[in-house]
Amino acid sequence: MDYTNPSLTVLSSEVRPGALRWRSPSNIALVKYWGKHGKQLPRNPSISFTLEGAATDTTLDYAVRTQAGEGVDVQLYLDGERNEGFTVRTRQFLESLLPIYPFLKQLSLTIHTSNTFPHSAGIASSASGMSALALCLVSLEETLFAPFKDREQYWAKASYLARLGSGSACRSVYGGAAVWGTLAGLPGSSDEYAVPVRDGLHATFQDYHDDILLISRSEKSVSSRAGHGLMEGNPYATARYAQATRRTDEMLTVLRQGNVERFGELLESEALTLHALMMSSHPPYLLIRPNTLSAIERIHQFRAETRLPLYFTLDAGPNLHLLYPHAMAAEAKTFIREQLLAFCEDQRYLADRVGKGPEALEVSGAAEGGE
Ligand code: PMV
């Protein structure tokens with residue numbers, strides 16, 4: 001896939017100011033992407049559920065640039081306030097896209113972004129944030145050039161751009177479940193963008209719950225970027241990449257069959273494997289906290305006592321995601337309230353579930369530049 005296109009420029013006199021707005025959700029990996037190479041290419045395939053509640057709303061205002069200048073002209077506002085750090089990072093990202101989107105240099109861009117989940121929650125916003133921005137960009141391309149023959153091309157390009165921003169973000173552009181990485185058994189799968197698990201996601205998984213226990217919100221001691229980098233020297237890397245490939249394949253089958261027990265076994269093993277890879281990196285590091293382990297023990301106890309299929313997973317951090325079918329939601333909520341909130345910072349958790357994917361939102365208000 002080569003999206004490089006030097007001729008994608010606009011005739012300034014023909015561009016009217018406008019705005020595009022997307023809400024895009026976060027996702028939780030069931031089989032983890034951990035290790036990358038080249039330009040954000042994964043060392044192994046991964047598969048995730050797209051969430052419903054944890055999302056980013058992004059508005060992209062554009063107008064023809066009145067004064068020529070170097071690079072991309074962009075300002076970023078987070079929750080209504082100008083954010084210098086994000087402006088710089090977004091500018092760098094957009095400038096890295098200039099071979100694909102040379103027209104970005106001809107425009108003045110203003111981005112307003114906000115998350116639907118609290119800042120202080122310690123939840124990463126890169127997947128939702130980057131997918132929302134990528135969708136705004138692809139919508140802008142569609143508005144200016146109408147290049148897409150079908151929706152599939154549109155989503156694939158959004159996923160490709162999201163990947164360049166933050167690897168796992170590429171899976172957020174689809175509802176339900178998505179696979180990123182080439183899998184022999186999945187036609188159309190690619191390392192360059194994610195594909196949806198369109199047909200066959202078993203009904204049990206279509207409204208699966210994911211409640212996020214906010215164990216700690218302190219800054220991570222090692223960033224995901226550094227963590228991916230450390231996989232290059234990890235002695236278990238080759239075996240891990242082969243395992244993740246087999247597991248993504250199996251997870252796909254499990255999601256189609258609706259086998260919640262096998263789903264859970266794979267899910268928990270993936271979480272612990274991810275953190276074992278961190279512990280076996282050089283230098284080694286730990287992102288889980290004592291309360292993460294205490295909560296895991298309670299979860300195992302709960303399962304032994306109730307036989308109910310509630311399983312956990314972890315991202316690159318200490319917070320636990322509890323995944324379970326809708327049919328046992330009442331028991332799960334009672335268990336969380338009575339036994340797990342004690343392990344959470346400020347006794348907080350976020351209730352979420354599998355969602356339908358990103359949503360184009362109406363642009364409101366003249367200030368946002370819409371016509
Ligand atoms: O997309 P990144 O670079 O933030 O890495 C995400 C890595 C994990 O969340 C740990 C796993 C995954 O597949 O999402």
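Start at 1 and go down the list; that is how both ligands and their atoms are numbered.
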Quick one: side chains of residues 305-317, donor-acceptor pairs under 3.5 Å with protein atoms, not counting sequence neighbours, listed by atom name and distance.
{"unit_1": "T306", "atom_1": "OG1", "unit_2": "F302", "atom_2": "O", "d": "2.7"}
{"unit_1": "T306", "atom_1": "OG1", "unit_2": "L308", "atom_2": "N", "d": "3.1"}
{"unit_1": "T313", "atom_1": "OG1", "unit_2": "K32", "atom_2": "NZ", "d": "2.9"}

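Aromatic pair Y193/Y160: centroids not less than 6.0 angstrom apart. Taking the six-membered ring wherever Trp is involved, the centroid distance between the rings of F103 and F145 falls below 6.0 Å.
Cation-pi geometry between R151 and Y154 is met: the NZ or CZ atom falls under 6.0 Å from the ring centre, inside 45° of the normal.
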For ligand 1, list all ligand N or O to protein N or O distances below 3.5 Å, rounded to 0.1 Å.
{"unit_1": "ligand 1", "atom_1": "1 (O)", "unit_2": "S168", "atom_2": "N", "d": "2.8"}
{"unit_1": "ligand 1", "atom_1": "1 (O)", "unit_2": "S168", "atom_2": "OG", "d": "2.7"}
{"unit_1": "ligand 1", "atom_1": "3 (O)", "unit_2": "H228", "atom_2": "NE2", "d": "3.1"}
{"unit_1": "ligand 1", "atom_1": "5 (O)", "unit_2": "H228", "atom_2": "NE2", "d": "3.0"}
{"unit_1": "ligand 1", "atom_1": "9 (O)", "unit_2": "D315", "atom_2": "OD1", "d": "3.3"}
{"unit_1": "ligand 1", "atom_1": "13 (O)", "unit_2": "Y33", "atom_2": "N", "d": "2.9"}
{"unit_1": "ligand 1", "atom_1": "13 (O)", "unit_2": "R171", "atom_2": "NH1", "d": "2.9"}
{"unit_1": "ligand 1", "atom_1": "13 (O)", "unit_2": "R171", "atom_2": "NH2", "d": "3.2"}
{"unit_1": "ligand 1", "atom_1": "14 (O)", "unit_2": "R171", "atom_2": "NH2", "d": "2.7"}

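No side-chain N or O of T50 forms a donor-acceptor pair with one of R171 less than 3.5 Å apart.
A salt bridge links R303 and E268; the closest N-O separation between the charged side-chain nitrogens and carboxylate oxygens is under 4.0 Å.
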